[in-house]
Amino acid sequence: MAAQVIAVVNQKGGAGKTTVSMNLAGSFANRSHKVLVVDADPQGTATRWAASASDDQLFPASVIGLSAANTKVHREVKKFIDDYDWIIIDCPPAADSPVPQSALLIADLALVPLIPSPLDMWAAVGIREVIHNVSGINETLKARLVLNQYQGNTSLAKEALNILSEFGIELCQTRIASRQVYRQSAVFGRAVQGFGAKGKEAIDEIESLTDELVKVLERTAIIDG
Ligand SMILES: Nc1ncnc2c1ncn2[C@@H]1O[C@H](COP(=O)(O)OP(=O)(O)O)[C@@H](O)[C@H]1O
Ligand SMILES: [Mg+2]
């Protein structure tokens, strides 16, 4: 069966695209699925992440760099589609690059990590437009927002939830908090699952996000066929 493709996109850098991409990949791999991360960002952060793993604890998914394919990323990704269960495309900021548009052409799901701050939410309008434009061509494209670095007890977070309820892209129930272990996962080249009990809260968040996304994409399969 063809891989399900998740493009992790946002208008700007620093929203958590690579963190979410790599941890989702780890989570799917942990479930014994075959996972490919496509590093579509010329900064190569996902590639470096995997390369930071130790010899005795390799990053659990394959990572390849395809940023040089530029507007043809979708064509290159297509070549891997029968060899994996999940392909996660870690995109550069859409403000800087045409790559996200290309990635979205082949995606089943656009996943937008978003920090609930005014600046980040203003920028999110840009990616909503990109997703909207691509869905004129890729008509089955789904989209979800996931809050990252979320601090639930702040008034800013509550305000963000209010605004986002009318944003036009559905919000995942799962929220990803700001946690040291997410930073460490990049340093040690692991997904949070690789930290065991020390990563428990983060693991629960990522598992819950994975479950949610599986459901979103299951529904697509039922509707289509
Ligand atoms: N939930 C989180 N908790 C703590 N640090 C985070 C979290 N998400 C991202 N970061 C950190 O924020 C920075 C930007 O994240 P990154 O995933 O590289 O964003 P992007 O790929 O969108 O540019 C990195 O230093 C990363 O370790
Ligand atoms: Mg990145």
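As the structure lists them, so they are numbered: ligands from 1, and atoms in each ligand from 1. Counting begins at 1 with the first residue of the sequence. FYI, side chains are in, hydrogens and waters are out, and symmetry mates aren't considered; it's all heavy atoms of this structure.
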J.: Could you tell me whether ligand 1 has any atom less than 4.0 Å away from a heavy atom of N10?
T.: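 Under 4.0 Å: no for N10.
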J.: Who gets closest to atom 19 (O) of ligand 1 by heavy atom: C91, P93, A186, G16?
T.: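 Result: the heavy atom closest to atom 19 (O) of ligand 1 is in G16.
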J.: Strictly inside 4.0 angstrom of atom 25 (O) of ligand 1, do you find any protein heavy atom?
T.: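 For atom 25 (O) of ligand 1 the answer is no, since every protein heavy atom stays at 4.0 Å or beyond.
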J.: Under 4.0 Å from atom 13 (C) of ligand 1, do we find at least one protein heavy atom?
T.: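 Protein heavy atom within 4.0 Å of atom 13 (C) of ligand 1: absent.
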J.: Should you measure from each heavy atom of G14, which atoms of ligand 1 turn up under 4.0 Å away?
T.: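 Under 4.0 Å from G14, ligand 1 has these atoms: 14 (C), 19 (O), 20 (P), 22 (O), 23 (O).
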J.: Can you name the atoms of ligand 1, numbered from 1 with element, that are less than 4.0 Å from a heavy atom of A177?
T.: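 So the atoms of ligand 1 that pass are 1 (N), 2 (C), 3 (N).
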J.: Quick one, S67 with V99, criterion side chain to side chain contact (heavy atoms under 4.5 Å, CB included). Give me CA distance, side-chain angles, the key distance, then yes/no.
T.: CA-CA 7 Å; S67 70; V99 164; 5.5 Å; no
J.: If you measure every N/O of K12 against every N/O of ligand 1, is any gap under 3.5 Å?
T.: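 Among all N and O atoms of K12, none is under 3.5 Å from an N or O of ligand 1.
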J.: Within a 6.0 Å radius of atom CZ on R31, are there more than 12 heavy atoms belonging to other residues, nucleotides or ligands?
T.: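 More than 12 heavy atoms, drawn from other residues, nucleotides or ligands, come within 6.0 Å of this atom.
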J.: Below 3.5 angstrom, do we get any N/O pair linking K17 and ligand 1?
T.: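 Right, the criterion is met.
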J.: At a 4.0 Å cut-off, with the gap strictly under it, does some heavy atom of T45 reach an atom of ligand 1?
T.: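 Flag not set, T45 not near ligand 1.
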J.: Side chain, backbone, both or neither: which applies to D41 and ligand 1 if a contact is any heavy-atom pair less than 4.0 Å apart?
T.: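 The answer is neither; D41 stays 4.0 Å or more away.
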J.: Any idea how W86 and F28 line up, ring-wise: parallel (<30°), tilted (30 to 60°), or perpendicular (>60°)?
T.: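 Geometry flag for F28 against W86: parallel rings.
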J.: Hey, which of L161, I176, I115 is the one that makes side-chain contact (heavy atoms from CB on, under 4.5 Å) with L147?
T.: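 Among L161, I176, I115, the one that satisfies the side-chain contact (heavy atoms from CB on, under 4.5 Å) with L147 is L161.
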J.: Could you tell me whether atom 7 (C) of ligand 1 has at least one protein heavy atom nearer than 4.0 Å?
T.: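 Yes; the ligand atom in question has protein heavy-atom contact below 4.0 Å.
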J.: Using a strict threshold of under 4.0 Å (side-chain N to carboxylate O), is an ion pair present between K200 and E205?
T.: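 Answer for the salt bridge query: no.
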J.: Salt bridge or not between K142 and E170? Use side-chain N to carboxylate O under 4.0 Å.
T.: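 Salt bridge: no.
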J.: In this structure, are over 12 heavy atoms from other groups packed under 6.0 Å from K12 atom NZ?
T.: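 Counting other residues, nucleotides and ligands, NZ of K12 exceeds 12 neighbours.
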J.: Knowing that exactly one of L24, N23, N30 qualifies, which makes a side-chain contact (heavy atoms from CB on, under 4.5 Å) with T210?
T.: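 Of the listed residues L24, N23, N30, the side-chain contact (heavy atoms from CB on, under 4.5 Å) partner of T210 is L24.
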J.: Near G13, which atoms of ligand 1 are under 4.0 Å from a heavy atom of that residue?
T.: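 The atoms of ligand 1 under 4.0 Å from a heavy atom of G13 are 23 (O).
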J.: Would you say Q43 has more than 12 foreign heavy atoms packed within less than 6.0 Å of its CD?
T.: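 No, because the 6.0 Å sphere around CD of Q43 holds 12 heavy atoms or fewer from other groups.
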J.: Of the side chain and backbone of T19, name the one, both, or neither that has a heavy atom under 4.0 Å from an atom of ligand 1.
T.: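 For T19, backbone and side-chain atoms both sit under 4.0 Å from ligand 1.
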J.: Output the list of atoms in ligand 1 that are nearer than 4.0 Å to some heavy atom of I176, sorted by atom number.
T.: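 Close to I176: 1 (N).
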J.: Mark yes or no: R179 above the aromatic ring of Y182, with NZ or CZ under 6.0 Å from the six-membered ring centre and no more than 45 degrees from the axis.
T.: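 That pair does not qualify as a cation-pi contact.
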J.: Hey, is ligand 1 close enough to A15 that some N/O pair sits below 3.5 Å?
T.: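 Indeed, backbone or side chain, A15 has an N or O that close.
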J.: Does ligand 1 have an atom that lies less than 4.0 angstrom from a heavy atom of P113?
T.: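 Contact check P113 vs ligand 1: negative.
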J.: Out of R183, Q43, E205, Q149, who gets a non-hydrogen atom closest to atom 10 (N) of ligand 1?
T.: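 Result: the heavy atom closest to atom 10 (N) of ligand 1 is in Q149.
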J.: Ion pair present between D41 and R48, side-chain N to carboxylate O less than 4.0 angstrom?
T.: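 Not counted as a salt bridge, because no side-chain N and carboxylate O are separated by less than 4.0 Å.
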J.: Just wondering, is there an N, O or S atom on S21 that's nearer than 2.8 Å to the Mg ion (ligand 2)?
T.: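 It does not: S21 brings no N, O or S atom closer than 2.8 Å to the Mg ion (ligand 2).
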J.: Counting heavy atoms only, which of L114, V192, T18 is nearest atom 21 (O) of ligand 1?
T.: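 Nearest heavy atom to atom 21 (O) of ligand 1 lies in T18.
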J.: Mind checking whether R179 contacts ligand 1 via backbone (N, CA, C, O), side chain (CB onward), both or neither, at a 4.0 Å heavy-atom cut-off?
T.: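 The part of R179 near ligand 1 is the backbone, not the side chain.
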J.: Before accepting this row, confirm whether a basic side-chain N of the pair K215/E218 lies closer than 4.0 Å to the acidic partner's carboxylate O.
T.: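 No, K215 and E218 are not salt-bridged.
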